[in-house]
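Note sheet for the following structure.
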Amino acid sequence: MTGISPDEILIWEWGVVRVNATLLWTWVVMAILVLGSWLATRRLSTGPDPSRAQILLETVVEAIRRQIEEITASAVDRYLAFVGTLFLYIGVSNLLGIVPGYLPPTASLSTTAALALCVMLAVPAYGIASSGWRDYLRRYVEPTVIMLPFNVIGELSRTLALAVRLFGNVMSSAKIVGVLLAVVPFFLPIVFRALGLLTGLIQAYIFAVLAMVYIAAGVRSQERTGSRTGGTDG
């Protein structure tokens, strides 16, 4: 089963309702994240001896905060929930690949496309929140209205690249392990599986960083546009 897209595996069907492995494992990952968050935060302490779960949680959150701060230089809390959720979801999805019978939802193009679509919608959402919808729409016709279709195509192609990059890396890793299991001794695929888990974390990091870069670039573009407009009007 290794290397097969989870979209191809039907788990349950009733009439027009179909649940494939992608949906099933997506719900499992979501449940793990929700339960893990509740367990890690139910007994938070400000004392000198926090629990190990709290230390781990604070380490992860602080690492994400530092990375966002390096990219944006400000407004860390504004982006933390969105970017942190992307990283944790993709990271946990890929790390669970060590569980026998599990197929990561990120090996499905539908999942990676949905994540990339979230990023595509977040860019204008943060841009509009930063400087208003007029300034945001103005960026698509700068420096001239002729650039409108090219700017729109650029946004769409960037989203497609995000989706395909994550899907290709996760799916190719699963296929390589599947081939090695069939042709080489058992210990070598284990090594590649361990490398695959590391690669999965790296892919989660890259996806989250790229999402933050796109958002920050959109917001900065709006801030520059707003400042130029303000200066001209004044």
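A distance of 12.5 Å separates OG in Ser157 from CZ in Phe150, rounded to the nearest 0.5 Å. Between the CG atom in Leu35 and the CE atom in Met30 there is a gap of 13.5 Å [rounded to 0.5 Å]. Taking OG1 of Thr59 as the reference point, atom CD1 of Ile64 lies at 11.0 Å (rounded to 0.5 Å). For the atom pair CD1 of Ile90 and CD1 of Ile202, the computed distance is 13.5 Å after rounding to the nearest 0.5 Å. Distance CD/Gln54 to CD/Glu58: 4.5 Å, rounded to 0.5 Å. To the nearest 0.5 angstrom, Ser108 atom OG is 11.0 Å from Ile9 atom CD1.
The nearest pair of heavy atoms linking Ile68 to Met212 is CG2-SD, 3.9 Å. Considering all non-hydrogen atoms of both residues, Thr72 and Ala216 come closest at CG2-CB, 4.0 Å. Across every non-hydrogen atom of Asn94 and Pro104, the tightest pair is OD1-CB, 4.3 Å. Nearest heavy atom pair, residue Ile11 against residue Ala21, reads CG1-N, 3.7 Å. Among all heavy-atom pairs drawn from Val60 and Leu88, the shortest one is CG1-CD2, 4.1 Å. Considering all non-hydrogen atoms of both residues, Leu201 and Gly91 come closest at CD2-CA, 4.2 Å.
Residue Val92 is not grouped with residue Trp38 when hydrophobic side chains (ILVMFWY) are merged at heavy-atom distances under 4.5 angstrom, including chains of intermediate members. Met120 and Ile153 fall into different hydrophobic clusters, defined by Ile, Leu, Val, Met, Phe, Trp and Tyr side-chain heavy atoms under 4.5 Å apart, directly or through other members. Placement of Leu24 and Val34 in two distinct hydrophobic clusters is found when ILVMFWY residues are connected by side-chain heavy-atom separations under 4.5 Å, directly or transitively. Hydrophobic clustering (ILVMFWY, side-chain heavy atoms < 4.5 Å, transitive): Leu39 and Leu95 are in distinct clusters.
Using a 4.5 Å heavy-atom cutoff, the side chains of Arg65 and Glu69 are not in contact. Using a 4.5 Å heavy-atom threshold, the side chains of Leu96 and Trp25 count as separate. Inter-residue side-chain proximity for Leu115 and Leu86 is flagged as met; some heavy-atom pair is nearer than 4.5 Å. Val119 has its side chain within reach of Phe207: a pair of non-hydrogen atoms, C-beta onward, lies under 4.5 Å apart. In this structure, Leu10 and Arg18 have side chains that are in contact, with non-hydrogen atoms separated by less than 4.5 Å. Between Tyr214 and Leu210 the shortest side-chain heavy-atom distance falls below 4.5 Å. Residues Phe82 and Ile215 meet the side-chain proximity criterion, which asks for heavy atoms closer than 4.5 Å. Looking at heavy atoms from C-beta onward, Ser93 lies in side-chain contact with Tyr102 at the 4.5 angstrom threshold.
For Tyr79 and Tyr126, the ring centers are positioned less than 6.0 Å apart.
The local environment of CZ in Arg52 is sparse, with at most 12 non-hydrogen atoms from other residues, nucleotides or ligands closer than 6.0 Å.
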What do the steps show when you test Gln67 against Val83 for side-chain contact (heavy atoms from CB on, under 4.5 Å), and what is the final call?
CA-CA 10 Å; Gln67 191 63 60; Val83 176; over 6 Å; no
Please walk me through it: do Trp12 and Leu23 pass side-chain contact (heavy atoms from CB on, under 4.5 Å)?
CA-CA 10 Å; Trp12 180 74; Leu23 286 175; over 6 Å; no
Could you go step by step and tell me if Asp7 and Thr22 meet the side-chain contact (heavy atoms from CB on, under 4.5 Å) rule?
CA-CA 6 Å; Asp7 285 343; Thr22 300; 2.5 Å; yes
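For Thr111 (side chain) and Thr106 (main-chain N/O), no donor-acceptor pair under 3.5 Å exists by modelled atom type.
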